[in-house]
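By convention here, the first residue in the shown sequence is residue 1. Order of listing sets the numbers, starting from 1, for every ligand and every atom in it.
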Amino acid sequence: MTTSAMPLLAMALRVEHDIFVVRQRGREVAAAVGLEHQDQVRIATALSEVARDLLRAVGGADVTFAVTADADDGRQHLRIDLAPVGPLPGGRYEPQSGAVARLVDRLDMVVGKGDTVVRMSRRVPVTAQALTPERLAELRAALGESAPGSALDELTAQNQQLIAALDEVRSQRDELAVLNEELAETNRGVMALYNQLTEELEETNRGVVALYGELDEKSAQLRAASESKSRFLANVSHELRAPVTAIIGLGRLLADSSSDPLTAEQARQVGLIRSSAADLLALVNELLDLAKAESGRIEPDWTEVDLRPVFGQLRGTLRALATRPEVELVVEEPPAPAVLRTDEVLLAQVLRNLLHNGLKFTERGEVRLRAERRGDRWQLTVSDTGPGIPAELHERIFEEFYQVPGKTRVGGTGLGLPYARRLVTLLGGTLDLASEPGRGSTFTVSLPVDGA
Ligand code: ADP
């Protein structure tokens, strides 16, 4: 909605020459209200086009220049009304040149009380001096005084405007060319960088692929070495078992009361042979077990196992080993229901091994086995009040033949824990240790309820 039009200038358009005057006055008014140079030219051009159209169509128009305040955007507009002197053909106005409408903000036909006007308007920039009623009065007076020039003057002015516009176009074209050049330069830089990055990436990729190849090769070698070690252990221990068993048998025969009596010294020596042979057989058996576990030849027999009878059996069999009166063996009753899917024989073997170690290394206090359900796992802990193990050896004791040096060396082979861990891994679980010297040890077997 447009309100409060403040007229600046009015003039009549009747003959060809008036077109120049209208054009010239249009530019003057546009300049007076503060439109920029290019907008002045646009207004003047649009005005002369519409003026020519109306002169040809109806023989002229009354032209009014005014400033309006637009209620919609709160800004001032220069408004030019051209009221035709006769009725427009078909009651409509359409500019001959379609480009005219683009020169101004609005170009409409406005039908008022009985009269019809062609109206164009252009917004006054905010940077322009404020058009107060006083200022408008000044402008009105100034425009009234300035006499319009001749058609030649207007032509000269028009030419100058054309030259200025051409200059501007040329300088814009030059700027564009410079910009294009800069853009092309940047593009070249980006492409070079991209190519360099691509090359570096390919180089890195080649390196990674080669590394992987090497890694695969090394893994295969490692696997082969581990397999031949297991095979060797299995073969050697198997081959040793028969002669060692024979030695034990022969020793028993020699010591038998039905054989020829031995001297005391002979009996002592035969006793030594027998106990050494028994140690050797134990070692050979453990080696064979470990080799079997490592070569993957142990197939767990998966069944639903109730921990309570397993614990009961361990309680019974290990009591015989708990010979020190200062050490108590405590096998707690597992909380019911204590069922999990596992291999009962292998699990019992692991727990027996851990309990046996506890009883072997603990001089006073207790060795305790307990079971606890944690989410979808069972945690079976064997804890003792023995000497404990320094943190830096927690992983080493799971290596084959490793035994903690010092007074805890009380026989054994150093194969029990690596074997136990192998078995627990086969059962889909983990075997870990928490221990400190002087504070005992706790071995934890964690097994999934549903098996591996
Ligand atoms: P072994 O008991 O036949 O020597 P293991 O593999 O079972 O072999 O144990 C390796 C070593 O770990 C043992 O020699 C011992 O030094 C240490 N160890 C194992 N269990 C305990 C324990 N409960 N308390 C203290 N030391 C232990």
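Comparing T385, V367, I389, D384 against atom 25 (C) of ligand 1, the shortest heavy-atom distance belongs to I389. Nearest to atom 3 (O) of ligand 1 by heavy-atom distance, out of T413, L354, N353, is T413.
One finds the CG atom of L254 at 9.5 Å from the CG atom of D260 (value rounded to the nearest 0.5 Å). Note that CD of Q40 is 7.5 Å distant from CZ of R27, once rounded to the nearest 0.5 Å.
Residue Y402 has at least one heavy-atom neighbour below 4.0 Å for each of these atoms of ligand 1: 10 (C), 11 (C). Within ligand 1, the atoms closer than 4.0 Å to a non-hydrogen atom of P418 are 6 (O), numbered from 1 in the order shown. Near I397, meaning under 4.0 Å from any of its heavy atoms, are these atoms of ligand 1: 12 (O). Atoms of ligand 1 lying under 4.0 Å from at least one heavy atom of S441, given by number and element, are 24 (N).
The shortest heavy-atom distance from G440 to ligand 1 is not under 4.0 Å. Taking 4.0 Å as the cut-off, K360 counts as a neighbour of ligand 1 on heavy-atom distance.
Across all their heavy atoms, A348 and V310 have their closest contact at CB-CG1, 4.4 Å.
When the salt bridge (charged side-chain N to carboxylate O under 4.0 Å, His left out) test is applied to E395, the partners found at least two apart in sequence or on another chain are R421.
Look at R119 and D108 and you find no salt bridge, because none of the NZ, NE, NH1 or NH2 atoms lies under 4.0 Å from a carboxylate O.
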Solution key, residues 278-293 side-chain donor-acceptor pairs under 3.5 Å, sequence neighbours excluded:
{"from": "N285", "atom 1": "OD1", "to": "R241", "atom 2": "NH1", "distance (Å)": "2.9"}
{"from": "N285", "atom 1": "ND2", "to": "L281", "atom 2": "O", "distance (Å)": "3.4"}
{"from": "E286", "atom 1": "OE1", "to": "T413", "atom 2": "OG1", "distance (Å)": "2.8"}

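Put simply, the side chain of S446 never gets that close to the backbone of G429: no donor and acceptor are under 3.5 Å apart.
Taking distance alone, with nitrogen or oxygen atoms compared against 3.5 Å, L417 approaches ligand 1 more closely than that limit.
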